[in-house]
Amino acid sequence: MAEEEYNFSLIEKKWQKRWEKEGLFKTGKSDRPNYYALNMYPYPSGVLHMGHVLNYTLGDVMVRYKLLRGYNVLSPMGWDSFGLPAENAAIRTGVAPHEFTENNIDRMRAQMKRAGWGYDWSREFATSHVDYYRWNQWFFLKFYEKGMVVKKNAPVNWCDSCQTVLANEQVIREGECERCGSKVVQKDMNQWFYKLSDYAQRLLAGHDKLRGSWPDAVLAMQEEWIGKSVGAEVVFTVKETGDRLPVFTTRPDTLWGVTFMSLAPEHPLVKKLAAESEDEAALLDAVTRMRTMGTSAKDLAEREKEGVFTGFHVVNPVNGAEVPLWVANFALMTYGTGAVMSVPAHDQRDWEFAKKYDIPFVKVIEPEDGSDVKNWDRAFVAQGKIVNSGPFTGKPDNFAAIPEIVEWLNGQGLGEKRVNYRLRDWLLSRQRYWGTPIPIIYCDDCGIVPVPEKSLPVILPTDIDFIHGQGNPLLRSKTFVNVKCPTCGKPARRETDTMDTFVDSSWYQIRFVDPKNDRACWDPEKVRQWLPVNQYIGGIEHATMHLMYARFFTMVLHDLGLVDFDEPFTRLFCQGMVCKVAFRCNDCKWISAPQVKAVRADGSDLDEEETEILFKRIENQSLDEEGLESEGYRLVCMVCGEPVHFEMTKISKSKLNIVDPDAMMDRYGADTVRLYMLSDSPPDRMQIWTEDGINGAWRTINRLWRLVMDSLSKVASAGTPIPADLDKTNRDLRRKTHQAVKKVTDSIEGGYQFNTAIARCNELLNFLRQHRDAAHPAVLRETLEVIVKSISPIIPHFGDECWSRLGYEESVFTSSWPEYDAEAAKEDELVVPVQVNGKVRSRLSVPADTDAAELERLALEDAKIRALTEGKTVQRVVVVPGRMVNIAVK
RNA sequence: GGGGGCGUGGCGGAAUGGCAGACGCAAGGGAUUUAAAAUCCCUUGACCGACAGGUCGUGCGGGUUCGAGUCCCGCCGCCCCCACCA
């Protein structure tokens with residue numbers, strides 16, 4: 001038999017050309033039901049990484065599956081092309097950002113085509129093109145008219161390395177910049193904001209709609225980020241000056257226990273009181289010191305509570321008590337009112353502060369044991385009896401009494417119910433060049449003047465000098481900055497800040513339905529046809545950034561009457577991280593695998609083969625650090641000789657454990673890479689990359705190929721009917737085939753379980769390999785077609801090649817998903833386990849339709865069972881026909 | 001401190017409350033080969049046993065059930081997110 005090697009390189013190119021030529025993924029009007037599948041579009045960094053490969057492969061499998069299921073599928077791709085890397089490259093190399101961006105797009109588009117991902121490229125756009133970003137400006141004006149965008153002075157996050165402010169959401173763990181990882185500092189600045197916080201309640205309420213179709217983790221993160229808390233606002237008064245001082249509290253039940261008041265260092269009242277203070281300088285000094293302390297989570301956790309007494313007092317409205325007013329480093333200006341009523345007996349933070357500064361404790365909630373605050377070693381925060389609290393003294397359950405207390409406060413005019421959110425407004429301005437210019441003009445006479453709609457777009461100028469450390473280059477572009485005031489015509493100046501690039505990604509999913517429209521942002525008819533997105537796929541790192549902004553933006557667009565839905569993504573799927581073992585040297589930090597040397601405990605070298613085996617075991621986790629040591633090996637750094645440790649971690653440049661998708665496709669082809677990414681684990685879990693793993697996927701493809709090729713001479717021509725009177729082997733083969741159809745379909749429909757779908761195909765493949773010689777030609781064809789179709793969304797080039805070898809002219813993706821024949825899948829004989837007291841003791845081979853009574857009879861008659869039940873009392877027999885028999889004996 | 005997720009062989013992982021370990025990787029043995037690669041066949045949870053077979057086994061402790069990896073309660077461990085949020 002002539003062996004034909006699977007030539008992936010020729011085959012993949014051939015089918016990519018055909019799909020493009022035949023417009024397989026071009027979408028227009030159709031009678032079929034619509035399905036909009038979207039993957040998070042990439043920033044054009046220039047190269048795809050493995051995270052992209054997993055993301056886009058998942059999306060592509062769904063697109064092809066839905067095509068086979070008869071849908072009219074929209075699968076677009078574009079570029080999130082504004083942002084810092086292009087601008088930084090310009091500073092470094094002198095290449096203009098647009099040029100850098102275009103080059104990167106060309107490279108990545110070629111990589112995407114090579115991976116075989118099917119997109120409607122006629123819809124492609126890049127957000128840095130004026131045809132796109134002009135609509136950012138148009139939306140800005142619409143938001144402005146509606147009062148959804150404001151300019152305000154506020155404490156903001158400043159990244160010194162990126163030379164720009166950042167939104168709250170873009171400061172990640174430990175107070176680092178989301179882009180560059182540098183420490184972020186707080187500054188007071190006058191900036192543009194979208195009023196995200198106005199939508200806190202709507203964003204939260206929307207979760208009801210999304211629950212079940214978005215990952216729980218994402219909803220939980222958003223909920224946490226929105227941070228709703230219900231409580232009361234109570235107005236205290238500064239005794240000496242009469243200034244009103246409202247506070248927010250979730251614990252109005254402890255109002256009678258307030259023994260001091262804390263102001264955030266940035267609180268406006270601090271400056272005012274300092275001016276009236278006897279020792280202004282000392283107070284301001286202390287406050288300044290507090291403000292310059294770090295704000296990262298780590299800093300905060302390690303930092304001691306610190307404060308300074310202002311010399312002033314406040315009056316507690318519920319009982320007239322006069323308590324000292326402090327400035328404290330734990331009070332945050334950005335939450336509540338910036339002032340905290342402090343109850344040391346019933347709040348751990350206040351407890352610590354009061355201990356340090358010797359402030360009194362007043363017990364107002366009594367624990368069950370009746371103990372006193374003197375005997376506590378920490379604040380009492382659990383449920384208890386209200387004591388020492390005016391009209392509420394004696395209430396048995398403090399938490400249950402809260403609504404009543406709030407009601408009373410309201411009646412007395414002392415306070416009212418208040419819902420507070422942690423969510424802050426979305427800081428929009430960026431002091432950088434490569435973004436959408438904010439369409440605003442500043443006029444000395446007219447103030448802030450929005451650019452009139454008819455003067456849009458405000459085009460980002462290209463005559464720009466990029467100089468490192470000189471701030472936003474737009475400031476130096478006289479032709480850009482100098483402009484006439486649209487209202488009075490006098491000389492005025494343009495806003496030089498640009499928009500956060502997350503504005504671009506907040507509505508790109510809508511633009512894809514009408515990407516070339518130059519008269520409107522979109523045609524409402526096309527939007528109605530496609531949106532909201534049926535299935536969105538991307539990384540979970542966007543849970544509180546992009547995904548939150550896009551939801552907000554959609555809600556505002558809805559309220560502006562521009563769309564008639566208010567959630568952008570009906571279903572969301574988040575893929576897991578792609579990980580690989582990484583090596584860390586004590587001295588040089590992360591090092592790449594080739595820089596690691598394995599030696600024996602005595603320092604002697606290993607030969608090449610031993611080394612290879614050892615590293616393979618480390619890579620596939622069959623050897624951990626302990627095992628390595630106990631086997632008498634250790635790893636050393638080839639650069640400095642220091643010991644080396646290893647761990648499984650996300651593939652990244654900085655950890656030096658990257659896998660280059662191009663190199664993998666050179667070696668194994670796109671289909672093998674795709675198959676491997678999906679075959680091992682469920683796609684929402686961590687994926688581990690190993691050489692052995694990709695090699696296994698390569699073997700699977702070749703096994704399949706040989707099976708199909710070796711069968712070609714035997715398969716009947718398409719359409720040959722399957723005879724009615726098949727022998728047992730052929731009936732078995734048909735049964736397995738149709739059981740596989742059902743299982744594969746369920747695996748895909750039941751939530752992206754491609755690992756089990758692939759396993760089912762493998763099972764069928766293994767079965768067919770054993771029985772191919774006995775297979776009837778028509779049955780053989782049926783089975784082969786099921787395998788090829790089922791696997792084709794995952795390895796599409798392979799699928800189409802096999803499909804054409806099976807004699808079809810058209811692409812497999814224009815055919816239809818295999819049809820499940822329940823009759824053929826039915827078992828005619830079953831092996832039913834018989835348990836005694838829950839343990840399997842025997843098995844019965846019976847016709848599939850044997851009823852319960854018959855099963856019970858057969859089970860009790862079974863020799864093995866009788867031996868075990870002899871002399872005992874059968875108490876109960878549970879029979880589940882077709883499943884099992886359980887006999888309870890004593 | 002709060003929230004989310006997870007815990008099954010040497011590894012990734014399968015199991016509508018009903019035969020635990022599908023499928024794959026790694027490992028061992030064999031066939032083929034001058035040799036290697038590739039391919040094909042067999043074995044592979046642990047323990048006892050020559051075999052037949054038996055015993056134990058899904059992080060730990062309880063519970064519900066004829067029957068629990070799966071459901072309930074209480075622990076332990078790991079991962080992720082948030083965190084001086086009043």
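None of the values given here were measured: they were computed from a predicted structure. Protein chains get the first letters and strands the later ones, always in sequence-line order, with residue 1 at the start of each.
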Contact letters for nucleotides 20-35 of chain B, in which S counts primed atoms plus P, OP1 and OP2 and B counts the base, heavy atoms under 4.0 Å
--BSSSS---------

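With hydrogens and angles ignored, the 3.5 Å screen pairs a side-chain donor or acceptor of A:N702 with a backbone N or O of A:W698.
Here, B:G3 and B:C19 have their P atoms 36 Å apart, quoted to the whole Å. Distance check on atom C1': B:C76 versus B:C23 gives 32 Å, rounded to whole Å. Across B:C82 and B:C75, the matching P atoms stand 27 Å from one another, rounded to whole Å. Rounded to the nearest Å, the gap between the C1' atom of B:C11 and that of B:U55 is 27 Å. Using atom P as the reference point in both B:C71 and B:G5, the two lie 12 Å apart (nearest Å). Of the P atoms belonging to B:A26 and B:A35, the separation is 23 Å, rounded to the nearest Å. When the P atom is compared between B:A20 and B:U58, the two are found 12 Å apart, to the nearest whole Å. Comparing B:C72 with B:U64, their P atoms are spaced 15 Å from each other, to the whole Å.
Judged by the 6.0 Å distance and 45° axis criteria, A:R378 is not positioned over the aromatic ring of A:W351.
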For side chain to side chain contact (heavy atoms under 4.5 Å, CB included), just list the numbers for A:V846 and A:L855, CA-CA rounded to whole Å, side-chain angles, deciding distance to a tenth of an Å, and then say yes or no.
CA-CA 8 Å; A:V846 295; A:L855 274 171; 4.1 Å; yes

Full working for side chain to side chain donor-acceptor pair (under 3.5 Å) between A:Q687 and A:Q575:
CA-CA 9 Å; A:Q687 311 289 313; A:Q575 81 269 20; over 6 Å; no

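Of the candidates B:A86, B:G18, B:A14, the closest approach to any side-chain atom of A:M884 belongs to B:G18. Residue A:E224 places its side chain closer to B:C81 than to any other of B:A86, B:A14, B:C81. Set against B:A86, B:G18, B:U55, the side chain of A:V878 has B:G18 as its closest nucleotide.
The aromatic rings of A:H546 and A:H542 lie perpendicular to each other, with more than 60° between the two planes, well past the 30° mark. In this pair, A:Y752 and A:F754 present their aromatic rings perpendicular. The plane angle is above 60°, beyond the 30 to 60° band. A parallel orientation is assigned to the rings of A:F353 and A:F260, their planes being inclined by less than 30° (bins at 30° and 60°).
For RNA chain B, if you chain together Watson-Crick or G-U pairs that step i with j, i+1 with j-1 and so on, the runs of at least three with distances under 3.5 Å are B:1-7 with B:76-82, B:10-12 with B:23-25, B:27-31 with B:39-43, B:45-48 with B:53-56, B:59-63 with B:71-75.
Screening residues 671-680 of chain A for salt bridge (charged side-chain N to carboxylate O under 4.0 Å, His left out) gives A:D60-A:R674 as the qualifying pairs, with residues at least two apart or on separate chains.
Using a 4.0 Å cut-off, some side-chain N or O of A:R685 falls inside it from OP1 or OP2 of B:A14. Taking side-chain N and O atoms only, A:R769 has a distance below 4.0 Å to OP1 or OP2 of B:C41.
Ionic pairing of A:K864 and A:D862 is not present here: no N-O contact between side-chain nitrogen and carboxylate oxygen is shorter than 4.0 angstrom.
Remark: C1' of B:C84 and NE2 of A:H346 are 19 Å apart, rounded to the nearest angstrom.
Residues A:T249 and A:R843 both approach RNA chain B. Their nearest nucleotides, taken by heavy-atom distance, put A:R843 toward the 5′ side. Sequence order on RNA chain B of the closest nucleotides to A:L623 and A:K839 puts A:L623 first from the 5' end.
Put simply, the side chain of A:E223 and the base of B:G3 share no donor and acceptor less than 3.5 Å apart. No hydrogens or angles were tested; on distance alone, nothing pairs the side chain of A:R876 with the base of B:U65 as donor and acceptor under 3.5 Å.
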